[in-house]
Amino acid sequence: DAKTTQPNSMESNEEEPVHLPCNHSTISGTDYIHWYRQLPSQGPEYVIHGLTSNVNNRMASLAIAEDRKSSTLILHRATLRDAAVYYCILDESGGSNYKLTFGKGTLLTVNP
Amino acid sequence: NAGVMQNPRHLVRRRGQEARLRCSPMKGHSHVYWYRQLPEEGLKFMVYLQKENIIDESGMPKERFSAEFPKEGPSILRIQQVVRGDSAAYFCASSPPSGLAHLEQYFGPGTRLTVT
């Protein structure tokens with residue numbers, strides 16, 4: 001399986017932007033990058049996905065490096081509700097891999 | 001628009017009993033996935049189903065576990081003769097029937113199974 005590397009934990013203050021990094025140096029040209037998050041005692045929640053271009057949706061933005069070996073999930077204004085474990089996941093089969101492989105993720109703490 | 005529903009939310013079984021976990025996908029979704037999260041571990045894929053078909057069950061333990069997604073009704077994950085090691089949170093996800101459906105999987109709240 002292609003591997004992603006994320007910091008174990010990060011901390012942010014409420015209403016400030018948060019940049020969550022992910023390294024995926026073994027990514028190939030057709031691998032999609034997914035981000036999910038899991039709030040305490042809840043199921044994972046889809047956040048965003050991308051292939052090559054930067055992506056925006058109502059929850060977050062995804063910035064993908066030009067060489068695609070890294071990406072950054074951007075929460076523009078963190079709220080207390082954004083405290084969660086954030087998972088960066090690679091889909092290795094050009095969008096046909098339905099087996100999401102969750103690693104340890106980054107535990108985001110948001111301070112009031 | 002209701003999200004993915006799972007019931008029961010908590011289930012306690014004695015060793016040797018059967019556990020049945022139910023999952024109702026989001027309206028309009030025809031793809032269902034089951035994942036298991038053991039304590040202090042990440043989620044692991046178990047099985048992928050479409051209506052009346054098992055597409056991939058490569059993550060299912062070889063014995064005691066089975067899954068179905070009938071034409072009518074919820075998807076069922078069945079664990080026979082439960083053992084303590086089956087204690088975990090079981091999550092169901094669904095996705096719409098588009099070409100790259102699985103890029104967006106919507107998860108339910110999970111069923112927490114405790115085997116005593």
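First the proteins, then the strands, lettered A, B, ... as listed; each starts at 1.
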Counting only N and O atoms by type, is there a donor-acceptor contact under 3.5 Å from the side chain of A:Tyr87 to the main-chain atoms of B:Gly42? no
Nearest atoms (heavy-atom pairs only) where B:Phe91 meets A:Gln38: CZ-NE2, 3.7 Å
Evaluate the ring planes of A:Tyr46 and B:Tyr106, with Trp represented by its six-membered ring, and classify them as parallel (under 30°), tilted (30 to 60°) or perpendicular (over 60°). tilted
Count the heavy atoms belonging to other residues, nucleotides or ligands that lie under 6.0 Å from [atom1] of [X], then report whether that count exceeds 12.
X	atom1	value
B:Glu18	CD	yes
A:Lys104	NZ	no
A:Met59	CE	yes
B:Asn53	CG	yes

Is it true that B:Phe69 and B:Met60 fall in one hydrophobic cluster, defined by side-chain heavy atoms closer than 4.5 Å? yes
Mind checking the CZ-OH spacing from A:Phe102 to B:Tyr35? Nearest 0.5 Å is all I need. 6.0 Å
May I ask you to test the B:Phe107-A:Gln42 pair for a side-chain heavy-atom distance under 4.5 Å? no
At a 4.5 Å cut-off on heavy atoms, which part of B:Gln37 comes close to chain A: side chain, backbone, both, or neither? side chain
